[in-house]
Amino acid sequence: MECGSYQLLKKSSQCKARLGKVYTTRGIIDTPVFMPVGTQGTVKGVANEYLQSSGAQIILGNSYHLYLRPGTEIIKASGGIQKFNSWDRPMLTDSGGFQIFSLNDIRKIEENGAEFQSHIDGSKHFFSPEKSIQVQKDIGADIIMCFDECTPYPAMYDYAKNSMELSLRWAKRCKDEFYKDDAYAKQALFGIVQGSVYNDLRKISAQEMVNTGFTGYAIGGLSVGEPKEDMISVLENTVPLLPEDKARYLMGVGMPEDLWECVQRGIDMFDCVIPTRNGRNGQVFTSHGKINIRNAEFRKDFTALDPECSCPTCIGYSKAYLNHLVRAQESLYLSLLSLHNIYFMINLMTKIRKSLESDTFLETKKEFFEKYYSRTRSEKIWIKFLVCWRFF
RNA sequence: GGGGGUGUGGCAGAGUGGUCUAAUGCACCAGACUGUAAAUCUGGCGGGCUUGCCCUUCGGUGGUUCAAAUCCAUCCGCCCCCA
């Protein structure tokens, strides 16, 4: 099987959700899948052994960050990123496109590419589509991404259009660069659909990307601050334009509730920093909703974070102890909470896949949401809950 | 016994006539985080409500003044040095 190719196993009879597999050089990924983010070649705070025990099938790395440090020379010399970081399951690298968005103040975009100032030492670097592909080839992940501009939100129509068209031209250059040598035998290149919240732009982008032809298709530029309804609308209008026999990857999403909504609309792959970042900030996902373990209410709560979780954190430690670790700024909590959140996401995706196998996606979703929003009675959460219901 | 210093919100610590409910840090109470410039950031932290104002606060008491955390008197507590 060609690296990055998608096999559709089963379609939900209830919605656009689908069960499948993505084949890569280093293994087969069951989809829908959640990919923990490991920007610098490590999922922050979580050792490989634990990451594997969580059931994580594939993790992300970031070209821009790895290019700056340790540098592609070292990664190449080590035998590729997965020799370097000892992660033997599949990996995907982002192109640096997201850094065009997030390093807003220290970059300049032009037709040929983007000039960045290193956030580490201020030195100037230029990423063209060709450069990004070369870097990603040197890093050596199984799936690599086109260099794009992650259009900021809000974006005026004209800006979004120009940005989307630039990403299209860059995508073609990425493809040319990618197929220049035989790297494609081991790696797969995914294209990225842009167009902000404008469905006509999304349509053009999707059609053009498909015409250009990629092994898989990502939807980028979402979950950057737009209303949730806009994200859903974009998915409902864009996903049907993508070929059924290719993987669909929604970049940067998301929260547990988002995963349900987006799988329902036909997404196969997700990545998000949320489980690890929130873990480092004390916020924990549980089957009964998210909690901030730092809060006073947990000082004397000697039960586990989530009674339904069997991660090492939940097996070994109480909320009261984790609350203490956070308050005392003991570094152990960074790992324990990140690990739990990763388990939560991975378990959630397993639950989703099982529901697709038995074709009970919507029932399982409803069950999840009822429990997930049961803990808090706050008005805000209930409004969110009702908004989610609208999509049934 | 003599000399000097000091007492400020939970803690540390600024402030030495009005712009003081009183800087700043910590602690505390919450919130946010979506292809990671994030172990980060934001808000709150005397009381009351009609959210603009009112009331109560800088060891105690009394005073000076239009006005006192700030000046004076006195009392109380603590610290240092000399005997």
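- Look at A/S102 and you'll find a side-chain N or O under 4.0 angstrom from OP1 or OP2 of B/A37.
- If you check every strand for non-hydrogen atoms under 4.0 Å, A/E330 touches nothing.
- The side chain of A/N295 lies closest to B/G31 when the candidates are B/G35, B/G31, B/U34.
- Aromatic ring centres of A/Y249 and A/F270: separated by at least 6.0 Å.
- The side chain of A/N278 contributes no N or O atom lying less than 4.0 Å from OP1 or OP2 of B/C33.
- Residue contacts for A/Y333: at a heavy-atom cut-off of 4.0 Å it reaches the sugar-phosphate backbone alone, with no base atom in range.
- Contacts of A/L60 with the nucleic acid, taken as non-hydrogen atoms under 4.0 Å apart, involve only primed sugar atoms and P, OP1 or OP2.
- Between B/G35, B/U34, B/G31, one nucleotide has an atom nearer to the side chain of A/I192 than all others, and that is B/G35.
- Among the heavy atoms of the strands, none lies under 4.0 Å from A/R107.
- Base-pair partner of B/A39: not found among the strands shown (Watson-Crick or G-U wobble, both distances under 3.5 Å).
- Counting any heavy atom pair closer than 4.0 Å across all strands shown, A/N281 reaches a base atom.
- Taking atom C1' in both B/C29 and B/G35, one finds a spacing of 34 Å when rounded to whole Å.
- Atom CG of A/L334 is separated from atom P of B/U40 by 9 Å (rounded to the nearest Å).
- B/G63 and B/G10 have their C1' atoms separated by 33 Å, given to the nearest Å.
- Phosphate proximity of B/C29 to A/R299: present, with a side-chain N or O under 4.0 Å from OP1 or OP2.
- Going from the C1' atom of B/A68 to that of B/U21 covers 15 Å, rounded to whole Å.
- Counting non-hydrogen atoms under 4.0 angstrom, A/G221 reaches a base of the nucleic acid.
- Taking atom CD1 on A/I267 and atom C1' on B/U34, their separation rounds to 14 Å, with Å as the unit.
- Scanning atom types as modelled, one donor and one acceptor separated by under 3.5 angstrom connect the side chain of A/T276 and the base of B/U36.
- Here A/Q283 lies in heavy-atom contact (under 4.0 Å) with a base.
- Here the separation of B/U65 from B/G2, taken at their C1' atoms, is 36 Å to the nearest Å.
- The separation of B/U57 from B/G46, taken at their C1' atoms, amounts to 7 Å, rounded to a whole angstrom.
- At a threshold of 4.0 Å, the pair A/R173-A/E177 does not count as salt-bridged, since none of the basic side-chain nitrogens sits closer than that to a carboxylate oxygen.
- At least one side-chain nitrogen or oxygen of A/Q99 sits closer than 4.0 Å to the OP1 or OP2 atom of B/A37.
- For the 3.5 Å distance criterion, the side chains of A/S287 and A/D306 qualify, holding a donor opposite an acceptor.
- Only the P atoms considered, B/G47 is 16 Å distant from B/G9, to the nearest whole Å.
- Between A/T39 and B/U36, a side-chain N or O to OP1/OP2 separation shorter than 4.0 Å is present.
- Distance from the side chain of A/H65 is smallest to B/U36 among B/C29, B/G35, B/U36.
- When both distances must be under 3.5 Å, the Watson-Crick or G-U wobble mate of B/G25 is B/C11.
- Atoms CZ (A/R294) and C1' (B/G31) sit 9 Å apart, rounded to a whole Å.
- The CZ atom of A/R277 sits 10 Å away from the P atom of B/C33 (whole-angstrom rounding).
- For B/U61, the paired base is B/A73 (Watson-Crick or G-U wobble, both distances below 3.5 Å).
- In this structure, the CG atom of A/N341 is 13 Å from the C1' atom of B/U34, given to the nearest Å.
- For the pair A/L250 CG and B/U34 P, the computed distance is 14 Å after rounding to whole Å.
- A/K365 pairs in a side-chain hydrogen bond (donor to acceptor under 3.5 Å, both in side chains) with only one of the listed residues (A/E370, A/Q264, A/E257), which is A/Q264.
- Protein atom CE of A/M231 is 8 Å distant from nucleotide atom C1' of B/U34, rounded to whole Å.
- Donor-acceptor pairing under 3.5 Å, judged by distance alone, is absent between the side chain of A/N62 and the base of B/G35.
- Between A/H119 and A/Y64, a ring centre-to-centre spacing shorter than 6.0 Å is recorded.
- The phosphate of B/C29 has OP1 or OP2 within less than 4.0 Å of a side-chain N or O from A/R327.
- Using modelled atom types and a 3.5 Å distance limit, the side chains of A/K21 and A/T31 yield no donor-acceptor pair.
- In this model, a donor atom of one side chain and an acceptor atom of the other lie less than 3.5 Å apart for A/Q14 and A/E363.
- B/C20 is unpaired under the criterion used here, namely a Watson-Crick or G-U wobble arrangement in which both key atom distances are under 3.5 Å.
- Taking the nucleotide of RNA chain B with the nearest heavy atom to each of A/V37 and A/R280, the more 5' of the two is matched to A/V37.
- Residue A/N323 comes nearest to A/R294 through the heavy atom pair ND2-O, 3.2 Å, listed as atom of the first residue, atom of the second, then distance.
- When rounded to the nearest whole Å, the span between CZ of A/F147 and C1' of B/G35 equals 13 Å.
- Across B/G18 and B/C26, the matching C1' atoms stand 31 Å from one another, rounded to whole Å.
- Nucleotides B/U24 and B/U56 place their C1' atoms 24 Å apart, quoted to the nearest Å.
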